[in-house]
Amino acid sequence: MIRILIADDHIIVRKGLKQILLEEFPSAHIKEVSDAEELIDETFSSKYDVVISDISMPGRSGLDALHQIRESRPKLPVLILSIHPEDQYAIRVLKAGASGYLNKGLAAEELVKAVRKVLSGEKYISGAVADKLAATLNNSNDKELHSLLSNREFDVLKLLASGKSVKEIAERISLSMTTVSTYRFRIMIKMQMKTNADLTRYAIDHKLL
C-alpha cells in the first residue's frame, strides 16, 4: 500500500489531487495537511512513500519545509506543485532537494506520471524545465539576480514584493523583525536595488508573484 502525504492550504486542491491519485492507486493511504508546520510534523511522526506539497502556504513556505524534510528524511521523495511558472521556480526547488516540480495547471494530465517517476527514484521534470536546466548550464555566467538569493531570502523577497511589511513578514514566517530586516538588507545588496518598489517591479517582470 502506497502512503501519500498531500500539503496544500486549499481544500479543493487537496481533494482534487486525492481523487486523481485514488483513480490510479485505489488502495493508497492518503493524508492531507494544510500548512508547512503540519507537513513537517507529519513527516517526522509517520512514514510516507511520497510527499506532494504546494510551494506557497500560510506561515513557512514549502521550500522551508522541504529543507527540513531533507534533513530528517533524506530519501523521502518530495514532489512540489505550484501555480508559479516552471521557469522561475523549478530549478530552485530541484536544487533544494525536491524530486520534481509540477505546475498545478498540468496536474490532471501529469500528476500520476510524476508520482510514479519519483517513487521509482527518478526526478520528474517537464520538457520546458529540462530546456531551462540546459540553458542554465550553458550560460552559467548569465544568472538572474534572484538566483543569487538563498531560499529564505527568496521567500522574503516575494513577501516584500507583494507589499508585506517587515513586521508582517516576521509574524508570517516566525522570525524576529531584526532578522527579517537583515534578510532585506542582504537582498537589496545582492540584487543591487534600493527600495521595495524596485523589488516589486522586478518580481512582476520575472513572474515571481
- prompt: Is there a side-chain contact between Arg3 and Ser46 (heavy atoms, below 4.5 Å)?
  reply: yes
- prompt: Between CD1 of Ile189 and NZ of Lys194, what distance do you get to the nearest 0.5 Å?
  reply: 11.0 Å
- request: Check whether any side-chain heavy atom of Leu63 lies under 4.5 Å from a side-chain heavy atom of Val93, and answer yes or no.
  value: yes
statement: Leu17 and Ala107 have their tightest heavy-atom pair at CD2-CB, 4.2 Å
query: Taking a hydrophobic cluster as the set of Ile, Leu, Val, Met, Phe, Trp and Tyr residues connected by side-chain heavy atoms closer than 4.5 Å, whether directly or through intermediates, do Tyr202 and Phe154 fall within one such cluster?
result: yes
Minimum side-chain heavy-atom gap Met188-Asn196 below 4.5 Å: yes
- request: Working to the nearest 0.5 Å, report the span between CD1 of Ile91 and CD1 of Ile125.
  value: 9.0 Å
query: According to the interplanar angle, ranging from 0 to 90°, do the rings of Tyr48 and His29 count as parallel (below 30°), tilted (30 to 60°) or perpendicular (above 60°)?
result: parallel
message: If only side-chain N and O atoms count, and only distance matters, is there a donor-acceptor pair under 3.5 Å linking Asp64 with Ser61?
response: no
query: In terms of hydrophobic clustering (I, L, V, M, F, W, Y; side-chain heavy atoms under 4.5 Å; direct or indirect links), are Leu22 and Val13 co-clustered?
result: yes
- prompt: Honestly curious: do Leu21 and Leu106 fall in one hydrophobic cluster under the side-chain, below-4.5 Å linking rule?
  reply: yes
task: Write down the atom of Leu94, the atom of Ser99, and the distance for their closest heavy-atom approach.
output: CD2-C, 4.3 Å
field: Ile169 side chain near Arg184 side chain, heavy-atom distance below 4.5 Å
entry: no
message: Are Leu159 and Arg172 packed together at the side-chain level, in the sense that at least one heavy-atom pair is separated by less than 4.5 angstrom?
response: yes
- prompt: Between the main-chain N or O of Asp9 and the side-chain N or O of Ser34, is there a donor-acceptor pair closer than 3.5 Å?
  reply: no
Side-chain heavy-atom pair Arg70, Leu76 within 4.5 angstrom cut-off: yes
- request: Compare every heavy atom of Val51 with every heavy atom of Thr43, then report the nearest pair and how far apart it is.
  value: CG2-CG2, 3.9 Å
field: Straight-line distance of Asp35 CG to Ile40 CD1, nearest 0.5 Å
entry: 9.0 Å
statement: Here the pair of heavy atoms bringing Ser82 nearest to Tyr101 is CB-OH, 3.2 Å
message: Once rounded to the nearest 0.5 Å, what's the spacing between atom CD1 of Ile80 and atom CG of Asn103?
response: 13.0 Å
- prompt: If we only count heavy atoms from C-beta on, is the Asp8 to Lys104 side-chain gap below 4.5 Å?
  reply: yes
field: Under the salt bridge (Lys or Arg N to Asp or Glu O under 4.0 Å) test, residues paired with Glu168 that sit two or more places apart
entry: none
- request: Verify the neighbour count for atom CD of Gln19: are there more than 12 heavy atoms of other residues, nucleotides or ligands below 6.0 Å?
  value: no
query: If Ile, Leu, Val, Met, Phe, Trp and Tyr residues are connected whenever their side-chain heavy atoms lie under 4.5 Å apart, and connections chain through other members, are Val115 and Leu66 in the same group?
result: no
- prompt: Which pairs count as salt bridge (Lys or Arg N to Asp or Glu O under 4.0 Å) when at least one residue sits in residues 21-32, sequence neighbours excluded?
  reply: Arg14-Glu32, Lys15-Glu32, Lys18-Glu32, Glu24-Arg116
query: How far apart are the closest heavy atoms of Leu157 and Leu149, and which atoms are they?
result: CD2-CD1, 3.6 Å
- line: Distance col, row Glu122:CD vs Lys117:NZ, nearest 0.5 angstrom, shows 4.5 Å
query: Is Tyr183 close to Asp155 at the side-chain level, that is, under 4.5 Å between some pair of heavy atoms?
result: no
field: Shortest non-hydrogen separation from His146 to Met191 and the atoms involved
entry: N-CE, 4.1 Å
Spatial distance of atom CD1 (Ile52) from atom CG (Leu111) [nearest 0.5 Å]: 5.0 Å
task: Identify whether Ile55 and Val156 are in the same connected component of the hydrophobic contact network (ILVMFWY, side-chain heavy atoms under 4.5 Å).
output: yes
